[in-house]
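Only heavy atoms go into these numbers, but all of them, side chains included; no hydrogens, no water, no symmetry mates.
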Amino acid sequence: MSREARFRLFNTLTGAVEPVIPREPKHLRMYGCGPTVYSYAHIGNFRSFLTADLILRTAQALGWKTTYVSNITDVGHLSTDDTIDPSGEDRMARALRSKEGERFPNVWDLARYYTDAFLQDWDALGLLEPDVRPRAIEHVRELIQAIEELVAAQLAYETSLGVYFSVPGFADYGKLSGNEKASLLRNAARDVVVDTEKRDPRDFALWKKDPHHLMQWHSPWGWGFPGWHIECSVMAQIYLGDEIDLHTGGEDLIFPHHECEIAQAESLTGKPFARHWAHTRFLQVEGRKMSKRFGNFLRVRDLLGSHAAQEKNLALRMALISGQYRKPYNFTRATLRDAGVHIGRFKRARDIIQNATDSQHSGRDNLCDLLRNTYRHALHAMADDLNTPVAIAAALSGTKSILENGYDLSAAAARSAKTFLDQIDALLGVIPQSPAATAEPGESQAASAVGGNGIDVKAVERLIGERRKARARKDYARADALRDEILALGVELHDTPSGPKWRPKTTL
RNA sequence: GGUGACGUGGCCGAGUGGUUAGGCAGAGGCCUGCAAAGCCUUGUACGGCGGUUCGAAUCCGCCCGUCACCUCCA
């Protein structure tokens with residue numbers, strides 16, 4: 001077994017960094033808690049999904065097979081308190097009444113709309129597709145069955161408001177979050193109405209009776225809708241089996257959501273639900289908690305470029321993974337700009353490689369060993385609790401070695417360089433495609449979507465032509481004036497050995 | 001109040017009992033008609049106070065600060 005085959009991750013369950021040991025060797029079965037689609041996703045949501053993405057990529061880079069399930073929560077996520085009692089309102093229903101939600105005729109349309117928006121963000125940020133992306137509303141039958149089983153096993157009971165999981169019947173409750181005692185819940189400040197029929201303050205809702213709810217199904221307990229926690233544990237078990245290898249989510253999900261998942265799943269099967277739990281810390285924006293109140297609430301789509309702006313999207317991805325997932329991370333405008341610079345560097349390496357591979361330069365391959373070691377270093381860092389900062393440093397260091405060669409790169413070295421970038425891309429997902437695969441600004445932009453940025457491509461090219469003539473006759477005053485005009489059109493111009501090139505002005 | 005995490009140079013962020021993280025910004029240089037872009041070189045550091053140690057930014061204690069969960073949030 002090579003030394004990279006060891007993949008270590010912090011395990012919330014044990015509080016230690018431990019090797020990830022799939023039940024079936026080299027086959028990782030992973031469940032990642034997905035979004036509740038009541039609004040557009042923000043960058044914090046995606047920091048968490050990116051952690052799962054990087055785990056997958058690292059496992060695959062180690063040669064493992066992966067089965068990844070990530071859900072969409074489109075019903076049942078209560079907006080107030082689903083730990084104590086089911087009197088909370090469903091998030092989806094509340095969203096429909098909000099200002100943003102007014103335009104939707106019903107909650108089903110709202111769910112569909114934000115699900116689609118979420119998938120667009122997912123795609124733009126280059127996350128790997130899950131093998132299954134189950135939706136809660138498509139699994140209500142299985143949810144009801146699971147609740148029935150729990151009731152039959154005396155692990156759940158019905159009240160006039162709903163069906164509760166009975167926490168005292170599950171001895172391991174609290175093993176994930178440390179919130180073991182009912183008294184802790186009682187001590188916490190609460191102003192919610194407690195269902196007096198509840199037998200233990202920790203009991204949580206599996207089913208909420210609500211004949212007026214906008215999304216409701218018929219059940220043995222009448223009309224209503226399922227609780228949030230039961231959705232994830234049931235869907236995970238449907239697609240991944242009773243015992244899964246790894247379960248991920250944001251740190252806020254440790255309690256109550258994941259604690260409750262464990263209680264339900266393990267009560268049903270008598271087996272350990274997930275062997276390993278990985279939680280992503282919340283990020284901060286400009287040094288403070290992300291909040292609408294502070295004006296630093298950033299939705300993914302606000303930061304994405306147009307559909308053609310691959311580099312800008314990768315910059316956002318890069319910025320979001322440039323801190324280790326388990327440490328507080330401060331997302332700033334400057335970070336995003338820096339990430340854009342790095343993406344540009346990867347892009348230039350791609351350009352150089354493209355050139356060299358096509359050339360007949362028959363020099364020796366001076367990069368092979370160096371880049372192989374650099375990649376190994378990056379992979380090793382990722383396998384060590386997802387140390388993205390070190391992995392990114394390695395990616396940049398290898399890229400620097402490629403760029404040092406400039407256009408003197410031999411065809412053989414270019415092949416090594418291409419292998420390196422492809423490997424890094426598979427691992428981190430931050431390397432732009434080679435120019436052949438995308439339109440290259442400055443060369444064939446007339447046909448590309450650069451015009452979609454609001455840039456008048458024809459005008460730019462006409463001005464560049466004029467400037468070229470002015471420079472040829474050494475009329476530099478005129479040439480500089482033309483350059484200013486071009487800049488005013490939102491384009492930056494670079495004179496290169498192979499002639500002037502332009503690209504949309506970077507405004508990160 | 002309970003529990004946990006973190007505090008690194010102008011900024012972002014690794015690491016670690018003695019040996020360069022990396023990046024951005026700054027400075028110098030190469031290139032350029034001038035620029036820009038690019039490339040090369042480069043300075044500054046480990047919250048405070050004690051303790052352990054030959055040696056601590058790294059371990060321990062206390063203090064200060066920030067953040068998180070316990071209550072909707074990824």
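Position along RNA chain B of the nearest nucleotide to A/Gln284 versus A/Leu396 favours A/Leu396 as the more 5'-ward residue. Residue order along RNA chain B, read from the 5' end via each residue's closest nucleotide, puts A/Ala394 first among A/Asp252 and A/Ala394.
Remark: A/Asn387 is in phosphate contact with B/G15, judged by side-chain N or O atoms under 4.0 Å from OP1 or OP2. Within the structure, a side-chain polar atom (N or O) of A/Lys289 is placed less than 4.0 Å from OP1 or OP2 of B/A68.
A salt bridge between A/Glu485 and A/Arg467 is absent, with no side-chain N of the basic residue lying under 4.0 Å from a carboxylate O of the acidic one.
Between the A/Asn296 side chain and the A/Glu286 main chain, no donor and acceptor come within less than 3.5 Å of each other.
Surrounding CZ of A/Arg301 are more than 12 heavy atoms belonging to other residues, nucleotides or ligands, all under 6.0 Å away.
Aromatic stacking is marked for A/Phe282 over B/A74, as both cut-offs hold: 5.5 Å for the centres and 30° for the planes.
With rounding to the nearest 0.5 Å, the separation of OH in A/Tyr113 from OH in A/Tyr40 is 2.5 Å.
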TODO: Dump the intermediate steps for salt bridge (Lys or Arg N to Asp or Glu O under 4.0 Å) on A/Arg348 and A/Asp351, then the final yes or no.
DONE: CA-CA 5 Å; A/Arg348 281 193 300 285; A/Asp351 290 348; over 6 Å; no
Task: Reading 5' to 3' through nucleotides 32-40 of chain B, protein heavy-atom contacts under 4.0 Å coded B for base, S for sugar-phosphate only, - for none - done: -BBBBSSSS
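The base of B/A74 is paired with the side chain of A/His42 by a donor and an acceptor separated by under 3.5 Å.
The six-membered or imidazole ring of A/Phe118 lies near that of A/Phe49, with a centre-to-centre distance under 6.0 Å. A/His229 and A/Phe165 have their aromatic ring centers separated by at least 6.0 angstrom.
The distance from atom CD of A/Gln324 to atom P of B/C6 is 10 Å, rounded to the nearest whole Å.
Each side-chain hydrogen bond (donor to acceptor under 3.5 Å, both in side chains) pair with one or both residues in residues 44-53 of chain A, not counting sequence neighbours, appears once here: A/His42-A/Asn45, A/Thr51-A/Thr280, A/Asp53-A/Arg57, A/Asp53-A/Arg317.
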TODO: Can you run through RNA chain B from 5' to 3' and write each base as (, ), [, ], | or . depending on how it pairs? Watson-Crick or G-U wobble, both distances under 3.5 Å.
DONE: (((((((..(((.....[...))).(((((.......)))))....(((((..]....))))))))))))....
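Distances from the side chain of A/Tyr38 to the nucleotides B/G4, B/A21, B/A74 place B/A74 closest.
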